[in-house]
**Student:** 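Take a look at this one; I'll ask things after.
Residue numbering restarts at 1 for every chain, and letters A, B, ... go by the order of the sequence lines.
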Number of protein chains: 2
Amino acid sequence: MDEIKIPKATARRLPLYYRYLIFLNDEGKEKVSSTELAEAVQVDSASIRRDFSYFGALGKRGYGYDVKNLLNFFKKILNQDTLTNVALVGVGNMGHALLNYNFKRTNNIRISAAFDINPEITGTIMSGVPVYDMSEMKKQLREQQITIAILCVPQTAAQKTANEMFDAGIKGIMNFTPLRLSAPSSVRVQNVDLATELQTLIYFLDSDKDKNKK
Amino acid sequence: MDEIKIPKATARRLPLYYRYLIFLNDEGKEKVSSTELAEAVQVDSASIRRDFSYFGALGKRGYGYDVKNLLNFFKKILNQDTLTNVALVGVGNMGHALLNYNFKRTNNIRISAAFDINPEITGTIMSGVPVYDMSEMKKQLREQQITIAILCVPQTAAQKTANEMFDAGIKGIMNFTPLRLSAPSSVRVQNVDLATELQTLIYFLDSDKDKNKK
DNA sequence: TTCTCCTAGTGCTTATTTTAACATAGTGAA
DNA sequence: TTCACTATGTTAAAATAAGCACTAGGAGAA
C-alpha cells in the first residue's frame, strides 16, 4: 500500500474544493491559484496547497492549478466518476426534504430507495424515488447493494432501525437523529445534528456579546 | 472579564452534554459519571472532565456529577433559560422541514418568523409560523429583534439575501446553502453542507475499503 | 534567450485538541 | 471514626491541524 494517509481535516475539505472546481470549469476558467481558491472556499491558501500536496504535485509553479486537470483528479479521488446510490430511511419532514435535495447535481449521488412505515406513502414513488415498507428494507438494501443510508426516523426508532441496517450490510450512515448510535466498528456514522449546531451558534454569539460588553 | 476562554471544540460539545442531561433528568437519574456520559455521547471521558473543568469544579470526587446541578448550570451557560427566537429565510423543501423540526423540545429555540418570495405561501401561517414576503424581512427582523437566522434560499440568491440580513442586524447565520458567504467579521456563519458531508462519508468508506483490500 | 515575476510545494513553528495517567478529595460502608 | 474505593480535576504528553515564510521552478514578457 503506497497510499499516503490523508488527514481527516483534509478529507473533509475535498468535496468543497471539488464543488468549486466544478463551478470554475463551468465558468470556463482554465487556471486557478491557491489564493483564489482560498478566498472562495474560505480555507487558508497554505492549507489548500498542503491538502493538494498529499496527492502529489498537482500544480505548476508560477501558474497555478489547471482547473480541468484538478477537477478530473478529484473526480476520481472522490469516486465521482460512478454514481453512488444511497438509501433514505424514514420519510418524514426531513426525509422528504432530502428526497428533493438534488445531491446528483454537483455530487454524483442518488437516493435510489426510501423506506418508511407509513402505509399512505409506502408503495408510492415520491420525487422519483420508490418508497418501500420498512419490512422490505433488508431485502431491498441487499438486492440493490446499497451500503450507504441516510437515517431520518424518529429518535425512538433510531437504534432499532440502525441495527437492521447493519444487518443488511450498510457501511455508512448519515444520522439525522439526535441519538448517538452504537454501531459496529466497520460502520461509519456521520452525525448531522441540527439542533446542536444551532445551539452552538447561539452559544458563540452570546460569548461574542460578553466579550464586547467587557 | 474573569471568564476563561472555552475552546471551540468544547463549545461544540456542550449542547450534546446538555441534551443528554435532560434525558437523564427525565429518567429520574440523580448522578452521572464522566464514564457514563462518555459512552452516551461518544466522547472520551477525559475530554468530558476537561470540558467541564473549564467551568470550575462541577463534580464531586468519588461520586460523579449531580444531574440536576449540572443541568441547571448548563442551562444558564447555553442560554436555555430564555427562549431564543430565530428566523427562517427561504421556505423551500429544506425550510419547510425545518419549520416542522422541533427545536423547542430540547432546545429552547423557536422559529418565530419565516420569509419567502413565493406569493402562494407569503401571508400564510405554516406550522404555526407566519410567512412574510422577503420585502418585509428587514422590517420584521428589526421589529422582532431577531439576530439569528437559518438561510435556506437557493444558492443563487444566497449572498444577496445574506447582505440584507446583515443590514437588518442579523448576527448569526446557519447557512444551508453550499455557498461560502462573505460576511462582516461581527457575524458568525455556521455552514451546514449536507452534500459535502455525504460526500465525505463516501470518501471515508472508500478509503476504508482500500485499506482492507491491501 | 534572458530576466522578472508569480505561485506551488514544503520545512518549521505555533496553536489546538485529544488522550493518558495519577494524585487527591470526598463517598459510603463498617 | 476509619478505611477502602471511586471518580474528579489536572498535569503532562502526544497527536492533529493551521499557518508562516522561504525555496525553487516554471510562466510569460521583452
Side-chain angles (χ1 to χ4, degrees), chain A residues 4-17 20-21 24 29-71 73-74 77 180 191 196 200 203-204 207, chain B residues 4-17 20-21 24 29-71 73-74 77 180 185 191 200 203-204 207:
Chain A
I4 329 98
K5 199 186 124 276
I6 310 298
K8 280 189 184 183
T10 296
R12 277 191 282 267
R13 285 189 290 263
L14 296 181
L16 234 53
Y17 301 144
Y20 194 68
L21 287 169
L24 287 176
K29 278 209 81 175
E30 292 193 350
K31 67 168 184 173
V32 65
S33 71
S34 59
T35 321
E36 273 177 275
L37 265 172
E39 204 172 330
V41 300
Q42 294 176 6
V43 172
D44 182 84
S45 70
S47 290
I48 292 181
R49 291 197 299 278
R50 166 90 65 215
D51 284 348
F52 287 3
S53 76
Y54 290 117
F55 300 100
L58 302 178
K60 278 181 235 173
R61 291 171 192 236
Y63 177 86
Y65 299 90
D66 182 273
V67 171
K68 272 206 159 52
N69 273 357
L70 207 53
L71 184 59
F73 186 79
F74 280 126
I77 293 291
R180 288 305 194 241
N191 295 301
T196 290
T200 303
Y203 173 81
F204 280 132
S207 57
Chain B
I4 329 97
K5 198 186 125 277
I6 309 299
K8 280 189 184 182
T10 296
R12 276 191 284 266
R13 284 189 290 264
L14 296 181
L16 233 54
Y17 301 144
Y20 194 67
L21 286 169
L24 287 176
K29 278 208 83 174
E30 293 193 347
K31 68 169 181 173
V32 65
S33 70
S34 58
T35 321
E36 274 176 273
L37 265 172
E39 203 172 332
V41 299
Q42 295 177 5
V43 171
D44 183 85
S45 69
S47 289
I48 292 182
R49 292 198 299 279
R50 155 89 75 239
D51 284 347
F52 287 4
S53 75
Y54 290 116
F55 300 99
L58 302 177
K60 279 180 232 172
R61 292 173 192 233
Y63 177 87
Y65 299 91
D66 183 273
V67 172
K68 271 207 159 52
N69 272 356
L70 206 52
L71 182 60
F73 184 79
F74 280 126
I77 293 290
R180 289 303 195 241
S185 63
N191 295 302
T200 304
Y203 174 81
F204 279 133
S207 58

**Student:** Grab the two heavy atoms, one from A:Phe52 and one from A:Leu70, that are nearest each other, plus how far apart they are.
**Tutor:**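 Minimum heavy-atom contact is CE2-CD2, 3.5 Å.
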**Student:** Decide yes or no, distance alone: a donor-acceptor N/O pair under 3.5 angstrom between the base of C:dG9 and the side-chain of A:Arg61.
**Tutor:** no
**Student:** Expressed as a whole number of angstroms, how long is the span from A:Arg49:CZ to D:dG25:C1'?
**Tutor:** 14 Å
**Student:** Ignoring backbone atoms, establish whether B:Arg13 has a side-chain N or O less than 4.0 Å from OP1 or OP2 of C:dT18.
**Tutor:**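 Result: yes.
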**Student:** Expressed as a whole number of angstroms, how long is the span from A:Leu58:CG to D:dG26:P?
**Tutor:**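 Taking atom P of D:dG26 as the reference, CG of A:Leu58 is at 16 Å.
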**Student:** If only side-chain N and O atoms of B:Tyr65 are considered, is one of them under 4.0 Å from the OP1 or OP2 phosphate oxygen of D:dG9?
**Tutor:** yes
**Student:** Tell me the interatomic distance from A:Tyr63, atom OH, to D:dA27, atom C1', rounded to whole angstroms.
**Tutor:** 10 Å
**Student:** Rounded to whole Å, how long is the line connecting atom CZ of B:Arg12 with atom C1' of C:dT16?
**Tutor:**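 Taking atom C1' of C:dT16 as the reference, CZ of B:Arg12 is at 11 Å.
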**Student:** Expressed in angstrom and rounded to an integer, what is the separation of B:Asp44 atom CG from D:dT10 atom C1'?
**Tutor:** 15 Å
**Student:** May I ask you to verify if any side-chain N or O of B:Tyr54 is less than 4.0 angstrom from the OP1 or OP2 atom of D:dT10?
**Tutor:** no
**Student:** Whole angstrom is fine here: how far is it from CG in A:Asp51 over to C1' in D:dG19?
**Tutor:**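 Atom CG in A:Asp51 sits about 12 Å away from atom C1' in D:dG19.
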**Student:** Verify the contact: side-chain N or O of B:Ser34 to OP1 or OP2 of D:dT8, cut-off strictly under 4.0 Å; return yes or no.
**Tutor:**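 Indeed, a polar side-chain atom of B:Ser34 lies that close.
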**Student:** Can you give me the closest heavy-atom contact between A:Arg49 and A:Ser34, atom names plus distance?
**Tutor:** NH1-OG, 3.0 Å
**Student:** Calculate the interatomic distance between A:Phe52 atom CZ and C:dG9 atom C1'; express it in whole Å.
**Tutor:** 13 Å
**Student:** Among the candidates D:dC20, D:dG9, C:dT19, find the nucleotide nearest to the side-chain atoms of B:Ala46.
**Tutor:**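 Side chain of B:Ala46 sits closest to C:dT19.
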**Student:** Classify the ring geometry between A:Phe73 and A:Phe55 as parallel (under 30°), tilted (30 to 60°) or perpendicular (over 60°).
**Tutor:** perpendicular
**Student:** Closest-nucleotide mapping onto DNA chain D: is B:Ala57 or A:Lys8 further toward the 5' terminus? I mean the 5' end.
**Tutor:**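 Final value for this comparison: B:Ala57.
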**Student:** Want to settle it: does B:Lys31 or A:Ser33 sit nearer the 5' end of DNA chain C, counting the closest nucleotide to each?
**Tutor:**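 Final value for this comparison: A:Ser33.
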**Student:** Could you pull out the closest heavy-atom pair between A:Glu36 and A:Lys31, with the gap in Å?
**Tutor:** OE1-O, 4.4 Å
**Student:** Return the value, rounded to whole Å, for the distance between atom CD1 of A:Ile48 and atom P of D:dA17.
**Tutor:**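 Taking CD1 of A:Ile48 and P of D:dA17, I get 17 Å after rounding.
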**Student:** At their closest point, which heavy atom of A:Thr200 faces which heavy atom of B:Arg12, and how far apart are they?
**Tutor:** CG2-CG, 3.7 Å
**Student:** Would the base of C:dT19 count as contacting B:Arg50 through its side chain, where contact means a donor and an acceptor less than 3.5 Å apart?
**Tutor:**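 When only heavy-atom distances are counted, B:Arg50 does reach the base of C:dT19 through a donor-acceptor pair under 3.5 Å.
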